[in-house]
Asks: 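Structure provided below as structure tokens; questions to follow.
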Protein chains: 2
Amino acid sequence: MSASVTSRALDLLGAFDADHRALTLSTLARRAGLPLATAHRLVGELQRWGALARLESGEYVIGRRLWDLGLLAPVQAGLRQAASPFLHDLYGATLATVHLAVRDGCEVLYIDRLAGHVSVPVVSKVGSRLPMHATGVGKVLLAHAPEPVRAEVLGKLTRVTPYTITQPARLLDQLRRVRAEGFATTGEEMSLGACSVAVPVRGPAGEVVAALGLVVPDLRRERARLVAALQVATQGISRVLASGQWN
Amino acid sequence: MSASVTSRALDLLGAFDADHRALTLSTLARRAGLPLATAHRLVGELQRWGALARLESGEYVIGRRLWDLGLLAPVQAGLRQAASPFLHDLYGATLATVHLAVRDGCEVLYIDRLAGHVSVPVVSKVGSRLPMHATGVGKVLLAHAPEPVRAEVLGKLTRVTPYTITQPARLLDQLRRVRAEGFATTGEEMSLGACSVAVPVRGPAGEVVAALGLVVPDLRRERARLVAALQVATQGISRVLASGQWN
DNA sequence: ACTTGCCTTCCATTGGACGGAAGGAACACC
DNA sequence: GGTGTTCCTTCCGTCCAATGGAAGGCAAGT
């Protein structure tokens with residue numbers, strides 16, 4: 001077992017998460033399970049390199065160098081850039097919160113998000129992961145995911161709100177309709193007061209590479225219009241993906 | 001001298017940049033200045049942790065775990081989110097490429113960018129660093145940077161296009177005007193066919209925390225309108241920064 | 001069949017990581 | 001002002017894990 005020296009440094013970085021963006025040295029050491037003296041030395045090296053930065057308060061945070069290193073990840077390199085203008089058009093046309101997401105294992109990973117000044121209660125943030133069965137983009141991605149993934153997700157449908165779908169049969173039925181109709185919807189299944197519509201984004205070979213979604217307070221009246229807007233956008237993105245170089 | 005074990009792993013990560021997003025093991029080793037066997041082992045650890053991922057081709061790329069770790073960096077955590085809606089308004093009002101940037105050492109670091117479908121030749125990408133003396137946002141940030149930084153930048157004004165300002169005296173004069181007038185402009189100093197306007201973004205205490213800029217093909221006619229639009233946006237951002245929690 | 005360029009594994013050596021302990025600095029409480 | 005607490009930093013002898021040369025295995029190219 002005995003952790004290698006490199007993995008210790010990585011464990012220190014792993015101690016940071018969305019709820020712990022700034023940590024003191026001792027907290028950092030505790031969370032990484034390292035002696036204080038060891039953590040101190042490693043943190044010093046990470047800081048010197050720019051992976052960590054130190055606030056005036058003395059707390060450590062993820063540094064700029066890691067930030068821009070992360071931007072080189074192919075998660076988004078092309079997709080995000082290709083989609084950006086279309087997300088913007090979509091926002092302009094709908095004034096709804098716009099989401100671009102991909103599947104990462106059995107979760108939805110949000111790779112871009114575009115919100116207005118005031119917005120519906122939305123949980124997602126760029127870089128956050130949410131369950132697939134309770135979000136619009138999640139249902140789309142799940143509907144087009146390989147069978148083993150679908151099986152695993154269906155096996156563990158956790159309840160988030162009173163409206164979350166937790167019966168496998170019912171979700172399966174919905175997924176079938178998502179494939180048939182080309183879009184997915186949710187109604188307060190992830191967050192009360194928030195409904196969503198989502199459509200798949202297809203790559204050059206027709207495979208689903210991402211999902212594009214809108215979050216609105218109420219879906220009843222506008223569904224048709226929103227789906228139409230989404231489809232315009234998704235077709236635009238696919239065209240760019242097919243033509244351009246997107247890694 | 002002798003690099004510590006941690007810093008070797010970091011050097012491997014540092015071998016990636018905007019022009020080298022995917023590297024073979026041997027290239028990686030060469031760029032990091034490490035023996036192949038050593039690089040092989042370290043890369044393996046990084047991959048196991050999720051810092052690196054391997055493509056089918058065998059090449060290594062930055063992994064998803066580093067991507068979302070990077071998103072926790074305070075570079076953008078609040079600023080970017082607070083600014084986002086205003087950037088869209090700005091794009092809507094001007095249809096120009098919109099930039100949000102901060103100063104990182106002696107360079108400009110672009111933390112957000114919003115471009116339309118067609119755009120002027122723009123070099124910047126989110127996460128990229130450009131010289132301060134040849135960009136609009138750079139001039140703004142430089143004008144409000146601490147003296148030692150200004151001195152260092154002025155000492156090395158590299159030429160990018162025929163229009164790049166390389167005389168310290170002339171740049172100093174411009175910086176004075178930037179402070180007095182509250183905005184900076186460039187004319188093809190970074191990229192031929194691209195002009196820019198930029199204004200400072202101020203934090204709660206009035207300090208300059210970022211710069212907001214527009215890139216357009218021609219500046220002559222529209223300058224006044226663009227500056228006005230920028231100022232509306234920058235004031236909105238400052239208001240959000242002052243009120244909300246942005247850290 | 002030979003060469004060249006990749007990647008992977010092995011293992012004896014040794015130099016640098018390790019972490020307990022002690023020293024400091026800042027704050028709070030009585 | 002003494003005493004306790006919680007943080008950060010530095011030191012240094014021990015010892016173990018990182019090191020990297022060497023060798024082997026593919027795959028492509030000539």
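Chain identifiers are assigned alphabetically (A, B, ...) following the order of the sequence lines, protein sequences preceding nucleic acid strands; residue numbering begins at 1 within each chain. The structure presented is a predicted model; accordingly, all values stated were derived computationally and were not measured.
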Asks: Considering the options Leu157(A), Leu154(A), Leu175(A), which one meets the side-chain contact (heavy atoms from CB on, under 4.5 Å) requirement together with His133(A)?
Replies: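 Going through the options one by one, the only one that passes is Leu157(A).
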Asks: Return the value, rounded to whole Å, for the distance between atom CD of Glu45(A) and atom P of dA18(D).
Replies: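 Whole-Å distance recorded here is 14 Å.
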Asks: Not counting sequence neighbours, which residues clear side chain to side chain contact (heavy atoms under 4.5 Å, CB included) with Arg30(B)? List them please.
Replies: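 Arg30(B) satisfies side chain to side chain contact (heavy atoms under 4.5 Å, CB included) with Thr27(B) only.
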Asks: Could you state the CG-C1' distance from Leu34(B) to dT19(D), rounded to the nearest angstrom?
Replies: 11 Å
Asks: Among dA18(D), dC18(C), dT19(D), which is the nearest nucleotide to the side chain of Ser4(A)?
Replies: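 Comparing dA18(D), dC18(C), dT19(D) against the side chain of Ser4(A), the answer is dA18(D).
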Asks: With side-chain contact (heavy atoms from CB on, under 4.5 Å) as the test, pick out the partner of Arg31(B) among Asp11(B), Asp17(B), Leu12(B).
Replies: Asp17(B)
Asks: Indicate whether OP1 or OP2 belonging to dC18(C) is found under 4.0 Å from a side-chain N or O atom of Thr38(A).
Replies: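 No.
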Asks: Quick one, give me the B/S/- string for nucleotides 25-30 of chain D, reading 5' to 3', where B means a protein heavy atom under 4.0 Å from the base and S means that only happens at the primed atoms, P, OP1 or OP2.
Replies: ------
Asks: List the residues meeting side chain to side chain contact (heavy atoms under 4.5 Å, CB included) with Ser7(A), not counting sequence neighbours, and say none if there are none.
Replies: Ala3(A), Ser4(A), Glu45(B)
Asks: Among all residues two or more places apart in sequence or in another chain, which pass the salt bridge (Lys or Arg N to Asp or Glu O under 4.0 Å) test with Arg150(B)?
Replies: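 Counting only residues at least two positions away or on another chain, Arg150(B) forms a salt bridge (Lys or Arg N to Asp or Glu O under 4.0 Å) with Glu147(B).
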Asks: Could you tell me the separation between the CG atom of Leu12(A) and the P atom of dG19(C), rounded to a whole number of Å?
Replies: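 Distance, rounded to whole Å: 12 Å.
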Asks: Give the rounded distance in Å between these two atoms: CG of Leu52(B) and P of dC7(C).
Replies: 13 Å
Asks: So, for Val149(B) and Arg103(B), which heavy atoms are closest and what is the spacing to 0.1 Å?
Replies: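 Result for this residue pair: CG2-NH1, 3.4 Å.
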Asks: For a quick check, with a 4.0 angstrom heavy-atom cut-off, what is the B/S/- contact string for nucleotides 3-9 of chain D, read 5' to 3'?
Replies: ----SBB
Asks: CZ of Arg41(B) versus C1' of dA22(D): gap in Å, rounded?
Replies: 15 Å
Asks: Tell me every residue that passes side chain to side chain contact (heavy atoms under 4.5 Å, CB included) with Thr38(A), counting only those two or more places apart in sequence or in another chain.
Replies: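 Counting only residues at least two positions away or on another chain, Thr38(A) forms a side chain to side chain contact (heavy atoms under 4.5 Å, CB included) with Pro35(A), Arg41(A), Leu42(A).
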Asks: Applying side-chain contact (heavy atoms from CB on, under 4.5 Å) between Leu46(B) and each of Leu66(B), Leu10(B), Leu52(B), report the one that passes.
Replies: Leu52(B)
Asks: Can you check the Leu55(B) CG to dC7(C) C1' distance for me, whole Å?
Replies: 16 Å
Asks: Atom CD of residue position Gln47(A) - does it have more than 12 heavy atoms of other residues, nucleotides or ligands inside 6.0 Å?
Replies: yes
